[in-house]
Amino acid sequence: MEILKIKDWSLNLPTEGPIIIAGPCSVETETQTLASCHGAARAGAHLLRGGIWKPRTNPGSFEGLGEQGLKWLQKAKAETGLPITCEVANADHVRIALAHGVDVLWIGARTTVNPFAVQAIADALRWHDVPIMVKNPVNPDVKLWIGAVKRLQNVGLSKIAAIHRGFDTLAQKNLYRNPPNWNLVQQFREALPEISIINDPSHIAGRRDLLRSISQKAIDLGLDGLMIETHIDPDNAWSDAKQQVTPDSLQELLSGLQQQVQAESSTTSALESWRSEIDILDKSLMELLALRKDLVKEIAKCKQDHNIAIVQLERWRAMVRKRLEDSKQLGLNQQLVTGIFDAIHADSVQVQQSVSR
Ligand code: PEP
Ligand code: MN
C-alpha cells in the first residue's frame, strides 16, 4: 500500500511549509486543555495534540485521564476547528480514541520498541482509514522503526507518518534528554522515501531553551513538520514541565524559523550531521570518564580503609591485557588504546593519592 504524505491526509493541513502539531504533553483539566489548545491554535498549530494515556517510568506518576480527557480534547477540536491527535499503546486505546473523534493516532517511542504491541494496534486498525504517526523506538534501531511502519502498511493503512523524538543514550548527563540522530533519520528516509517525517524537539531536548535550534535543524534538513508540547502554564504541568512552552513562546519560536530550503549540498549537510554526532559521542566519552572517576574515588576510600596499596601491579597488567583484547575485537589501533589507558591510569593513581591524603 502506497504511503500518503501528511499534507494529503484530507485534514485541511497546509500544502506548503512545515506542519505544526502542538498542545499539552498531557490533558489535565478542562480549562488547561482548552486554554492550551486555543493558544496553540492562535500560535499557528495545524493539528492539536494532547496526551490521554501517559507512559511513565514510575508507577504513581500521573498516568493520564483516559476517556474523560478525550471529551475535553474533542471539545477543543469543536471550538478551534482543528483536528486532534493522541498517543495509543493498545487496541483498547485505539477503540476509545476513535469513538471520541480523534483524527490522527500516534504510537509512542516506548511502544514502537515492541513488535507485539505494534501488531496489536495494527490489527485493531485493519479496514480503518485512520492516519497514524510512528515515533522512533527509544533505542536507535532504524529497522525496528521501519518494521513498525510496515506492520501498519500491511493492514492497509496509507496515511502513515514518522516522528523523530531522539534516542535513549548510555551517557547519563547528556545535553539532550534524548539526543537526535540525524543520520538515522536519513537512513529511515532512504528506506521509506515517501513517508513524511515530523520532528519532536520537545522530547529530544527535555528543556525549552534548546527547542529553537533543534527545530531549525529539522527544517533545514527538509523534515515535514514539528510537534511541540505547548501548555498554558508549563511550569505547573503535570508531566514534562521543563520542556513545554507557552502559546506565546510557540508563536515566537515559529515566527523565528528560517524557511528557506537549505542551499548547501548534500555532502555539506551529511558532513555537518556526522560532526554533530561526533560531538555527542565525544561528550559521552567524557561523561563516561567522569563516571569512571567517581568509581575510582570509591575504590580509593576502600583501599585506604583496608590499608591496601594504591598501585597493584598485577591488577594493572591484567587490565591492560583485557583492554587490548577488547580493542582487537573492535578493530581499534593498539597503540591508541595503550596510550589512552596509560593516561587514564596515571590520572586515576593521582586521584587515589589525593583522596587518601
Ligand atoms: C509524548 O509525546 O508525550 C510522549 C510520551 O513521547 P515519547 O513517546 O516520545 O516519549
Ligand atoms: Mn511529553
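We count ligands from 1, going down the list as the structure has it; atoms in each ligand are counted the same way.
Here is the list of ligand 1 atoms found below 4.0 Å of a heavy atom in Arg165: 7 (P), 9 (O), 10 (O). Every atom of ligand 1 with a heavy atom of Arg110 under 4.0 Å away is listed here by number and element: 10 (O). Using a 4.0 Å cut-off to heavy atoms of Gly108, the atoms of ligand 1 that qualify are 8 (O). Set against the non-hydrogen atoms of Glu87, the atoms of ligand 1 under 4.0 Å away are 4 (C), 5 (C). Which parts of ligand 1 touch Arg49 is read off a 4.0 Å heavy-atom cut-off, strictly below it: atoms 1 (C), 2 (O), 3 (O).
Protein-derived N/O/S atoms nearer than 2.8 Å to the Mn ion (ligand 2) total 4, waters excluded.
No path of Ile, Leu, Val, Met, Phe, Trp and Tyr side chains, each step under 4.5 Å between heavy atoms, connects Tyr176 with Ile198, placing them in separate hydrophobic clusters. In the hydrophobic clustering of this structure, Val113 does not group with Phe167; members are Ile, Leu, Val, Met, Phe, Trp, Tyr whose side-chain heavy atoms approach within less than 4.5 Å, directly or through other members. In the hydrophobic clustering of ILVMFWY residues, with side-chain heavy atoms under 4.5 Å counting as a link, Leu281 and Leu289 come out apart.
The shortest N or O to N or O distance between Asp200 and ligand 1 is not below 3.5 Å. An N or O contact shorter than 3.5 Å is missing between Asp240 and ligand 1 by distance.
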task = Apply side-chain hydrogen bond (donor to acceptor under 3.5 Å, both in side chains) to the pair His231 and Asp240, showing each step before the final yes or no.
result = CA-CA 10 Å; His231 191 289; Asp240 289 350; over 6 Å; no

task = Give the C-alpha distance, both sets of side-chain angles, the deciding distance and a yes or no for side-chain hydrogen bond (donor to acceptor under 3.5 Å, both in side chains) between Gln186 and Glu190.
result = CA-CA 6 Å; Gln186 190 49 31; Glu190 278 163 19; 3.2 Å; yes

ask   = Between Ile121 and Thr111, is a side-chain contact (heavy atoms from CB on, under 4.5 Å) present by the stated rule, with each step listed?
value = CA-CA 10 Å; Ile121 293 170; Thr111 306; 4.0 Å; yes

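Residue contacts with ligand 1 include Lys54, since one of its heavy atoms falls under 4.0 Å from the ligand.
Salt bridge Arg189/Asp224: absent, no basic N to carboxylate O contact under 4.0 Å.
Of the residues Asp129, Asp8, Asp103, the one that meets the salt bridge (Lys or Arg N to Asp or Glu O under 4.0 Å) test with Lys159 is Asp129.
In terms of protein heavy-atom proximity, atom 4 (C) of ligand 1 is closest to His203 NE2, 3.5 Å. Lys135 NZ, 2.9 Å is the protein heavy atom nearest to atom 6 (O) of ligand 1.
The proximity of Glu229 to ligand 1, defined as any non-hydrogen pair under 4.0 Å, is limited to the side chain.
Counting heavy atoms only, Ala109 comes closest to atom 8 (O) of ligand 1 of the residues Gly166, Pro55, Ser202, Ala109.
Defined by atom type and a distance below 3.5 Å, a donor-acceptor pair is missing between the side-chain atoms of His93 and Glu87. Between the side chains of Gln244 and Ser202, no donor-acceptor pair of N or O atoms lies under 3.5 Å. Remark: the Gln119 side chain and the Asp123 side chain contain an N/O donor-acceptor pair separated by less than 3.5 Å.
Note that CD of Gln352 is 6.5 Å distant from CD1 of Ile299, once rounded to the nearest 0.5 Å.
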